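Taking it in order: structure first as structure tokens, then the write-up.
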2 protein chains.
Amino acid sequence: MQTTTITPRWLDAEQQVIWRAFLSGTNRVFTELDAELRRFGLDLGEYEILVNLSESPDHELRMSELADRVRQSRSRLTHTVGRMEAKGILVRNACPSDGRGVNARLTEHGYALLVEAAPYHVESVRRALVDVVDPADFEALGRAMVAVVDAPAAE
Amino acid sequence: MQTTTITPRWLDAEQQVIWRAFLSGTNRVFTELDAELRRFGLDLGEYEILVNLSESPDHELRMSELADRVRQSRSRLTHTVGRMEAKGILVRNACPSDGRGVNARLTEHGYALLVEAAPYHVESVRRALVDVVDPADFEALGRAMVAVVDAPAAE
DNA sequence: CATCAGTGATTGAAACCTCAACATCGCGTA
DNA sequence: TACGCGATGTTGAGGTTTCAATCACTGATG
């Protein structure tokens, strides 16, 4: 019998430091954003839903399309959208062109909430990340994250 | 009456692109890591607990110290450690030098689990981030994250 | 037209996290 | 010694996410 053994390619000391800074730094950023959004009764996941709807025609989007854009599972999105609907932030309607589909659409109140929260949100993004990082490093960060997203999916 | 009005300093187009890449990229990295760790019945939060205990004398750490290192609330850590204890990964003992304190210590089984999972974990860190990013950009990423962590806390 | 595999969305239970309240203990001070 | 504030951990309730199962509909195939 033979097991597939892995010879670990450990990170070197510097990579290790960078990796741990990544863990701490991302944690710090998201903690800060959530703290700011909480003042509007939102979290980052809900805020991204608002943004994506607001950028779509009629402030409306199919659930599945929305799930892809905010990187949430369909199930999670159903639950979250259900709560947001209960708060009057958006409404759901059957999709006219596809009997399986459901459209989520911002209400007036939901759009007003986004308009109100957005300036504070962008300020927290600056405070936590954009304004504290050297501009050249910030651009490199962008390239790095694009490379991550564009990397082929694991098997 | 007068309200404090904010003149939003919106992100410019390029900053916007980088910010969204950051959201997608970090999500991609953490999704990949969790998927790999799930094969060992762990998530990233639990894995970081294992790592921090394993790097400490006697594989043991005060709960509060551990909470700081893994950036989890005390409450969350109590719950998580409780579940890990139930699985036999670690044990809790009263701290001899401080009646309030509790030490968490890895069991043999817990350490063996870490030893087993670590090579796959590091491989996923490489696959998701380290190996797909240009080395110079990776270093810049490190500087950026250090700047984020070192930034003064918001009021 | 009948079937059937695939897609879109939801459901409910279990697992997990958050939040506020609480219990306990250490330490400085009078 | 007694007081009281601050720190350490835990608890349980309530809210959120995950996971697998399910329902409904579409489109293709025979």
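None of the values given here were measured: they were computed from a predicted structure. A note on names: the letters A, B, ... follow the listed sequences, proteins ahead of strands, and every chain is numbered from 1.
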>> Quick test of your reading: applying side-chain hydrogen bond (donor to acceptor under 3.5 Å, both in side chains), list the pairs with at least one residue in residues 82-91 of chain B, sequence neighbours left out, ordered by first then second residue.
In response: B/Thr80-B/Arg83, B/Glu85-B/Arg92

> Within the structure, does a side-chain N or O atom of B/Arg76 lie under 4.0 Å from either OP1 or OP2 of C/dC17?
Replying inline: yes

>> Centroid separation under 6.0 Å, is that true for the rings of A/Phe40 and A/Tyr120?
In response: yes

> Taking only side-chain nitrogens and oxygens of A/Arg62, does any of them come within less than 4.0 Å of OP1 or OP2 of C/dA9?
Replying inline: yes

>> I want to verify a distance call: between C/dC17, C/dT11, C/dC19, whose nearest atom is closest to the B/Asp43 side chain?
In response: C/dC17

> More 5' along DNA chain D: A/Asp98 or A/Thr80, using each one's nearest nucleotide?
Replying inline: A/Thr80

>> Distance check needed: C/dA15 P versus A/His79 NE2, whole Å only.
In response: 15 Å

>> Does C/dG8 have its OP1 or OP2 closer than 4.0 Å to a side-chain nitrogen or oxygen of A/Arg74?
In response: yes

>> Could you check whether A/Glu65 pairs with A/Arg69 (Lys NZ or Arg NE/NH1/NH2 to Asp/Glu carboxylate O, under 4.0 Å)?
In response: yes

> Of B/Glu46 and B/Ser97, whose closest DNA chain C nucleotide lies nearer the 5' terminus?
Replying inline: B/Glu46

> Please give, in whole Å, the distance from C/dT11 P to A/Met63 CE?
Replying inline: 10 Å

>> Please identify the 5'-most and 3'-most nucleotides of DNA chain D with any atom under 4.0 angstrom from a heavy atom of chain B.
In response: D/dG6 to D/dC19

>> OP1 or OP2 of C/dC16 versus the side-chain N and O atoms of B/Arg83: is any pair under 4.0 Å?
In response: yes

> If you pin A/Arg38 and A/Arg92 to their nearest nucleotides in DNA chain C, which one's is more 5'?
Replying inline: A/Arg92

> Rounded to whole angstrom units, what separation is found between the CG atom of B/Leu37 and the P atom of C/dC16?
Replying inline: 14 Å

> Salt bridge between B/Arg20 and A/Glu55, side-chain N to carboxylate O under 4.0 Å?
Replying inline: yes

> Is the shortest heavy-atom distance from the side chain of B/Arg9 to the side chain of A/Glu123 under 4.5 Å?
Replying inline: yes

> Side chains of B/His121 and B/Val125: closer than 4.5 Å at any heavy-atom pair?
Replying inline: yes

> What's the CZ-C1' distance between B/Arg100 and C/dC22, to the nearest Å?
Replying inline: 16 Å

>> So, using side chain to side chain donor-acceptor pair (under 3.5 Å) as the criterion, who are the partners of A/Glu116 when residues are at least two apart?
In response: none

> Rounding to a whole Å, what distance do you find between B/Asp34:CG and C/dC16:P?
Replying inline: 12 Å

> Per the atom types in the model, does the base of C/dT7 pair as donor or acceptor with the side chain of A/Ser64 at under 3.5 Å?
Replying inline: no

